[in-house]
Amino acid sequence: MAQAPAMAHGTPTASGHAQAKPGDIAIGVIIGRTSEFFDFFVYAIASVIVFPKLVFPFVNELTGTLYSFGIFALAFAARPLGTVIFMAVDRRHGKGAKLVIALFLLGTATVALAFLPGYDTIGVAAIWLLAAARVLQGIAWGGAWDGLASLLAMNSPAHRRGWYAMVPQLGAPLGLIVASALFAFFAGNLSADDFFDWGWRYPFFVAFAINVVALFARLRMVATDEYSELFESRDLEPARVGETVAQEGRNILLGAFAPLASFALFHMVTVFPLSWVFLFTKESPVRFLIIEMIGAMVGVFAIVASGMIADRVGRKPLLLGSAVAIAVYSGFAPQLLDAGAFGETVYMVLGFVLLGLSFGQSSGAIASSFARNYRYTASALTSDFAWLFGAGFAPLAALLLATHFGLISAGAYLLSGAVWTLLALWLSGLREAEA
């Protein structure tokens with residue numbers, strides 16, 4: 001296996017070669033993941049408080065929100081297609097070209113939503129434009145996989161793998177904090193008419209600007225000759241998708257189901273409760289967005305704690321314990337959304353604590369089972385399918401169940417995610433992840 005040459009960002013080893021500093025890689029990972037999750041949450045929040053009225057005014061608010069969540073899920077269905085397309089680009093033209101095209105597509109699809117006309121202006125074409133932009137976002141997210149998270153894990157000290165495994169996950173609460181703050185600011189300082197007319201569009205412009213910053217930050221690392229050689233020396237190069245699925249299909253499937261508890265909880269404390277409060281209470285969405293920001297801040301600390309705990313007790317015990325705790329939480333917590341401001345706050349804070357502990361170690365939980373030459377592509381596909389199975393339809397399913405059978409049924413949906421996680425971890429015989 002070839003060794004990486006001395007690197008501008010690395011530290012020479014005893015043999016005269018260099019290894020990437022985990023801290024340097026971590027910066028690129030956090031910037032990249034925060035930008036992706038910011039895009040995600042900007043769209044998710046608009047799916048609740050904007051798109052039902054803008055695109056589906058011909059139905060009641062609940063039905064419009066369900067339709068909006070159906071389009072929301074399209075991105076998750078399109079992500080694997082994006083991985084197939086952009087892995088081919090990666091093989092032929094390199095990671096730099098792949099990232100430029102993917103993030104340009106993501107930024108274009110996102111900023112296009114800022115100009116979306118309503119149904120009252122262009123009729124059913126508004127629905128098709130929203131769906132098309134969402135599919136393009138999903139394809140771009142599949143292409144935005146940069147492999148830095150795997151590179152970070154493989155260059156981290158053996159006794160600190162749990163710590164470095166949690167670093168990419170920090171992007172989720174950080175992205176939610178910024179997205180919620182922007183929507184809360186505009187919704188809280190504009191009249192309802194002004195917010196609905198133009199105020200909601202500004203977060204999408206901000207998302208485009210953040211994508212540009214993130215692109216240059218990631219290209220600074222991924223597109224350099226030094227990092228390209230390091231990726232190659234670690235066998236983190238794109239394999240053909242069909243060959244990867246043929247060789248690693250079982251592990252990809254187990255890897256997709258292993259984090260289902262945390263991925264289901266992810267939407268149960270972000271998108272779903274916002275929709276429930278917006279539709280079925282008289283409370284201002286601004287106040288609940290502030291609660292989400294507080295919960296996300298708690299989530300940041302919980303994710304950091306997951307890294308310290310995993311390095312002490314191991315990732316598998318933490319993932320198993322978190323899944324059990326989420327199962328217990330599912331039995332009582334959703335009902336707190338009908339218990340006023342105090343109940344909502346307890347629901348969110350407890351949820352984000354559990355989310356941080358589980359989600360913080362869910363990334364690449366089965367990656368050590370992949371053969372090294374398939375690890376890059378297999379990890380990308382695992383992430384795609386984990387989001388599809390665990391999160392893509394979660395807001396739609398939870399809201400549909402809760403409106404027909406009560407909030408306890410949304411808890412049952414979350415419980416099913418915990419059961420799948422426990423089953424996947426048991427079947428995988430999870431080792432301590434090496435990547």
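In this chain, numbering begins with 1 at the start of the sequence shown. Side-chain atoms are counted along with the backbone in the values below, which use heavy atoms only and exclude waters and symmetry mates.
Shown here are the side chain to side chain contact (heavy atoms under 4.5 Å, CB included) partners of Pro168, two or more places apart in sequence or in another chain: Val29, Arg33, Ala149, Leu152. Under the side-chain hydrogen bond (donor to acceptor under 3.5 Å, both in side chains) criterion, Asp194 pairs with Ser191, not counting sequence neighbours. Glu344 meets the side-chain hydrogen bond (donor to acceptor under 3.5 Å, both in side chains) test with Arg287; sequence neighbours excluded.
Ring centers of Phe266 and Phe40: under 6.0 Å apart, within the cut-off. For an aromatic pair to be called close, the ring centres must be under 6.0 Å apart, and Phe389 with Phe76 fails this. A centroid separation of less than 6.0 Å is found between the aromatic rings of Tyr329 and Tyr347.
Ser180 places a side-chain heavy atom less than 4.5 Å from the side chain of Ile45. Using a 4.5 Å heavy-atom cutoff, the side chains of Leu182 and Phe38 are in contact. Counting only heavy atoms from C-beta outward, the side chains of Leu106 and Trp141 approach each other to under 4.5 Å. In this structure, Thr403 and Phe280 have side chains that are in contact, with non-hydrogen atoms separated by less than 4.5 Å. The shortest side-chain heavy-atom distance between Tyr43 and Asp39 does not fall under the 4.5 Å cut-off.
Residue Phe115 forms a ring-ring contact (aromatic ring centres under 6.0 Å, His included) with just one option from Trp198, Phe205, Phe204, Phe208, and that option is Phe205.
Both cation-pi conditions hold for Arg134 and Phe72: the charged atom is under 6.0 angstrom from the six-membered ring centre and inside a 45 degree cone around its axis.
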